[in-house]
Protein chains: 2
Amino acid sequence: MKSNYNKIQEKFGENLRKIREEKDFSLRELSMKCEIDDSKISKIENGKFNIQLSTIIELAKGLGVSPKELLDFDF
Amino acid sequence: MKSNYNKIQEKFGENLRKIREEKDFSLRELSMKCEIDDSKISKIENGKFNIQLSTIIELAKGLGVSPKELLDFDF
DNA sequence: TGGATTGCGGTTATAAATGACCGCAATTTT
DNA sequence: AAAATTGCGGTCATTTATAACCGCAATCCA
């Protein structure tokens, strides 16, 4: 989408990784808790794409946090 | 996606509408503040689809709220 | 040092969001 | 009553996320 939108994807990814590491989950562990392929989670963490609401919800469920926590970073 | 995922889209939509009406914006007003067609916002409010992160960000920007406020409802 | 784990990049097909429109019925405003 | 606003549904082309895989280099660990 926007040229500068990648920045936001990257921040989202960093935040996701931070939360995952706090919980001490590996990509494969998290991938089993939500229904998302581990390679996809890796791509999301690296800001590779613009995920959908359903994916945010799934990730939050897998991590055991509230979805809004995944958006809790500076914009 | 999931069969019960529509529920979440609908809740997201309700929350979006609630915030928009609090701010007293019409669909067309909001559509000018973000870069989203008014008919699309209408569809989102009615839970018609699974929007992307970029769309959440745009809507939040247009509404002048934090993106996580758009996810501030019960799941 | 041999084996498992981990992060991650790539592939391909399919489904779905998006953008840019249009038009209209109902309500609101003048 | 006439004009404008509002919410909303629909179309169609294009882009993109997604699902379900595979394989590999690096790290971990027994």
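Protein chains get the first letters and strands the later ones, always in sequence-line order, with residue 1 at the start of each. This structure is a prediction, so every number in the text was calculated from the model and none was measured. FYI, side chains are in, hydrogens and waters are out, and symmetry mates aren't considered; it's all heavy atoms of this structure.
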Starting at atom [atom1] of [X], determine the distance to atom [atom2] of [N], rounded to an integer number of angstrom.
| X | N | atom1 | atom2 | answer |
| --- | --- | --- | --- | --- |
| B/Leu53 | D/dA17 | CG | C1' | 12 Å |
| B/Glu21 | D/dT6 | CD | P | 13 Å |
| B/Lys40 | D/dC8 | NZ | C1' | 16 Å |
| B/Lys43 | C/dA20 | NZ | P | 13 Å |
| B/Ile44 | D/dC8 | CD1 | C1' | 13 Å |
| A/Asp38 | D/dC21 | CG | P | 12 Å |
| A/Leu27 | D/dT27 | CG | P | 16 Å |
| B/Phe49 | D/dA17 | CZ | P | 16 Å |

What nucleic acid atoms does [X] come within less than 4.0 Å of, heavy atoms only: base, sugar-phosphate, or nothing?
| X | answer |
| --- | --- |
| A/Ile41 | nothing |
| A/Ser26 | sugar-phosphate |
| A/Ile51 | sugar-phosphate |

Would you tell me if any nitrogen or oxygen in the side chain of [X] comes within less than 4.0 Å of OP1 or OP2 on [N]?
| X | N | answer |
| --- | --- | --- |
| B/Ser42 | D/dG7 | no |
| A/Gln52 | D/dT18 | yes |
| B/Arg28 | D/dA4 | no |
| B/Arg17 | D/dT6 | no |
| B/Asn46 | D/dG7 | no |
| A/Arg20 | C/dT6 | no |

Nearest non-hydrogen partners of B/Arg20 and B/Leu30, listed with the distance: CD-CD2, 3.8 Å

Minimum heavy-atom separation for A/Arg17 and A/Glu45, please, with both atom names.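 For A/Arg17 and A/Glu45, the tightest heavy-atom pair comes out as NE-OE1, 3.0 Å.
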
Strictly below 4.0 Å, N to O, side chains only: are B/Lys61 and B/Glu58 in salt-bridge contact? yes

B/Lys18 bridged to B/Glu22 by N-O distance under 4.0 Å: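 Yes, this pair counts.
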
Heavy-atom nearest nucleotide on DNA chain C for B/Lys48 versus A/Phe25: which residue maps closer to 5'?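 First, find each residue's nearest nucleotide; the 5'-ward one identifies A/Phe25.
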
Cluster overlap B/Leu70 with B/Phe75, hydrophobic side-chain contacts below 4.5 Å: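 Both belong to a single hydrophobic cluster.
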
With distance as the sole criterion, do the side chain of A/Ser39 and the base of C/dG10 form a donor-acceptor contact below 3.5 Å? yes

Residue mapping more 5' on DNA chain D - nearest nucleotide basis, A/Asp37 or A/Gln9: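 It is A/Gln9, whose closest nucleotide lies nearer the 5' terminus.
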
